[in-house]
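Written below as structure tokens is the structure these notes are about.
Proteins come first, then strands; the chains are lettered A, B, ... in the order of their sequence lines, and each starts at number 1. Below, each value reflects all heavy atoms present in this structure, side chains not excepted, and no hydrogens, waters or symmetry copies.
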Protein chains: 2
Amino acid sequence: MIKIAIVGFGTVGQGFAELLIRKRKEIEKAVGKFKITAIADSKSSISGEFSPSDALKMKRETGRLRDDVSATEIVRNAEYDVLIEASVTKIGGGDGVEYIRQALKRGKHVITSNKGPIVADFDGLMKLAEKNGVKLMYEATVGGAMPVIKLARKYLALCEIESVKGIFNGTCNYILSRMEEEKLPYEQVLKEAQELGYAEADPTYDVEGIDAAMKLVIIANTIGVRARYEDVEVTGITQITPEAFQVAAEKGYTIRLIAEVSKEKLRVSPRLVPKYHPLSIRGTMNAAMFKTDTAGNIFVVGRGAGKEETASAMLSDFYEIYAGSR
Amino acid sequence: MIKIAIVGFGTVGQGFAELLIRKRKEIEKAVGKFKITAIADSKSSISGEFSPSDALKMKRETGRLRDDVSATEIVRNAEYDVLIEASVTKIGGGDGVEYIRQALKRGKHVITSNKGPIVADFDGLMKLAEKNGVKLMYEATVGGAMPVIKLARKYLALCEIESVKGIFNGTCNYILSRMEEEKLPYEQVLKEAQELGYAEADPTYDVEGIDAAMKLVIIANTIGVRARYEDVEVTGITQITPEAFQVAAEKGYTIRLIAEVSKEKLRVSPRLVPKYHPLSIRGTMNAAMFKTDTAGNIFVVGRGAGKEETASAMLSDFYEIYAGSR
């Protein structure tokens, strides 16, 4: 019986719990029986014997869970084999760092969707996992359900990855592709994106390239390029004009916010992309291109965000931990 | 010490041996020591103590290997843990079917690049592998170094894959994208492709959709849709005219040879693709789109053929067998 604790019970945590409930049959066929033994959000929790469906219902209706026991206590004392760490990303790491550390120290696997801790202490957390003989999985931190981390860590494990170039922020890509298609100025498209829910009221985190830069740091460390957030050269998309798109189009190019890592480069910036290149994707999609020595260029494209997509990435980590060797 | 036998020593078999030699350090770091214990082509072989580099040199210079021992004898009697089956694809299966069966019966893992056996007897071979507690891996049969099979079998294992749509023949894609760009008739572009080495003197296998259909059968069985080659509805690209591209372009589309599998459909045919869709790739690239319930649409794009790419796919299978659970 695999015992699962969930910490962070917003969109992602709830999405994962829903997926576990909905796909119980397929999951148990693949990895054996499982049980959710604890759930915590920032203010409340539930543990012991409870129905996950009831917990979801209570959270949705009342905004909290049954007990006053804190997330920290759950992480430290609850009974579980794997911690689903789905707290909100904070630059610098946030509470997630401690949750992950405590779980790893207890010899529990961790699956996180939280970029903060992985950016803040990649090496330290990885070593801690190894020392305790458990796995720290973080596919959901980059590119939603796109298998970026697994490609780098497993499938291309015996390739030399010379560089990774990608589009890792759906908000920026939406804004840029709308500017391209409609020949509209940045401010107008941003407003439209905000109305449609593709951009936050304060869009800084996305449009200034911060989100993409955090993901780039995670990818960099994954492929063996040691990097901290401060090392990334970041330029956002706020200065791009419709005229820039016009000049680019005349030469068969478009403009995309490209994050790139190689041994020499760690950069997020608007770049020219040939019009029919697989990285010239439109809308809220994300894309990544792995340039390798023997596998050529491998691209993945997919939705880079979304409740189900993120939960799905975490579920693929779960599968890898418990059925990976099949 | 992992003992490796290679059967089929043309482009792919040689490519794999070269990769083993070139990447020995990285491979041994990941999976431990290994040794090539036997190599066979259709007429000759070498086994016991030998230098793989010398064997490669002899094959290149004389067209054969040291001994007269047959491939069948090597497969049945040589000492190895994993068989690299790199014979040429034959519709119906060819000798590869027996090589794979014999190896599996002996309790040896098999990694193949040969579509024939996998198309001819997917279920039988998979069951035989399971019965003998070994793995039969076939990533290299589809899409070169693109991780199509691993995506389906591992990463998306807990998703429902509603359909897979893809471009699995680089020759056709080259011809179609040249027809699109240059507004030239089929025959002229085919001739150009033949001169450039992108198409065979007898292009039937590619342009009539046979190659794509074989790959589609492999993907279908991988995602649980039982299919034989005869079940695929196949239309090639020989009837497509520059006018068809023009009509498509006016509506914002292009034309690609799309292979599609779902519960209802098993078809290879020229289809309209929106101009900026990730499947509207150009040149000899391949692409696949997995439509899933929870991970959205996941695309992979890459070079679908090539000596190194194919060898690289086989090496990723090798990694999965021996380091998969790490």
Side-chain angles (χ1 to χ4, degrees), chain A residues 15 19 22-23 26-27 29-31 135 139 144-147 150-151 153-160 177 181 254 275-278 280-283 285 287 289-290 292-304 306-309 311-313 315-316 318-321 323-326, chain B residues 15 19 22-23 26-27 29-31 135 139 144-147 150-151 153-160 177 181 254 275-278 280-283 285 287 289-290 292-304 306-309 311-313 315-316 318-321 323-326:
Chain A
L19 217 51
R22 215 170 89 206
K23 295 202 171 235
E26 298 92 309
I27 297 170
K29 203 177 149 196
V31 306
K135 286 181 182 167
E139 183 67 66
M146 275 165 49
K150 282 190 192 64
L151 262 177
R153 283 190 45 238
K154 310 272 285 189
Y155 184 77
L156 300 173
L158 293 176
C159 292
E160 194 188 320
S177 46
E181 288 162 42
T254 184
K275 235 172 149 183
Y276 292 99
H277 193 274
S280 75
I281 48 159
R282 294 188 171 197
M285 301 290 269
M289 175 182 110
F290 292 81
T292 74
D293 58 344
T294 50
N297 292 341
I298 302 283
F299 297 84
V300 278
V301 178
R303 276 202 65 199
K307 180 181 181 177
E308 279 211 326
E309 286 81 356
S312 186
L315 196 56
S316 87
F318 185 76
Y319 180 86
E320 193 181 317
I321 293 176
S325 57
R326 291 192 187 185
Chain B
L19 217 51
R22 215 170 90 205
K23 294 201 172 237
E26 298 92 309
I27 297 171
K29 203 178 149 197
V31 306
K135 286 181 181 166
E139 184 67 67
M146 275 164 49
K150 283 191 192 63
L151 261 178
R153 282 189 45 239
K154 310 271 284 189
Y155 184 76
L156 300 173
L158 293 176
C159 291
E160 194 188 320
S177 47
E181 287 162 44
T254 183
K275 235 171 147 184
Y276 291 99
H277 192 274
S280 74
I281 48 160
R282 295 189 170 194
M285 302 289 269
M289 174 182 111
F290 292 81
T292 74
D293 56 346
T294 50
N297 292 341
I298 301 283
F299 297 84
V300 279
V301 178
R303 276 202 66 199
K307 180 181 180 177
E308 279 211 325
E309 286 81 355
S312 186
L315 196 56
S316 86
F318 185 76
Y319 180 87
E320 192 181 317
I321 292 176
S325 57
R326 290 191 189 187

Is there a side chain to side chain contact (heavy atoms under 4.5 Å, CB included) between B:Y276 and A:K275? Walk through the geometry before answering. CA-CA 9 Å; B:Y276 291 99; A:K275 235 172 149 183; 3.2 Å; yes
Contact class of [X] relative to chain A, heavy atoms under 4.5 angstrom:
X      : result
B:P278 : side chain
B:M289 : neither
B:A313 : both

Side-chain contact test, heavy atoms from C-beta onward, threshold under 4.5 Å: evaluate it for [X] versus [Y] and give yes or no.
X      : Y      : result
A:M146 : B:F299 : no
B:K154 : A:Y155 : no
B:I298 : A:P147 : yes
B:K23  : A:T294 : yes

Looking at OG of A:S312 and CG of B:L158, how far apart are the two atoms once the value is rounded to the nearest 0.5 Å? 8.5 Å
Most chain A-contacting option - heavy-atom pairs closer than 4.5 Å, from B:E26, B:E139, B:E308: B:E308
Heavy-atom pairs under 4.5 Å with chain A - which of B:L151, B:D293, B:L156 has more of them than the others? B:D293
Where does A:R282 contact chain B at under 4.5 Å (heavy atoms): side chain, backbone, both or neither?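 The side chain, not the backbone.
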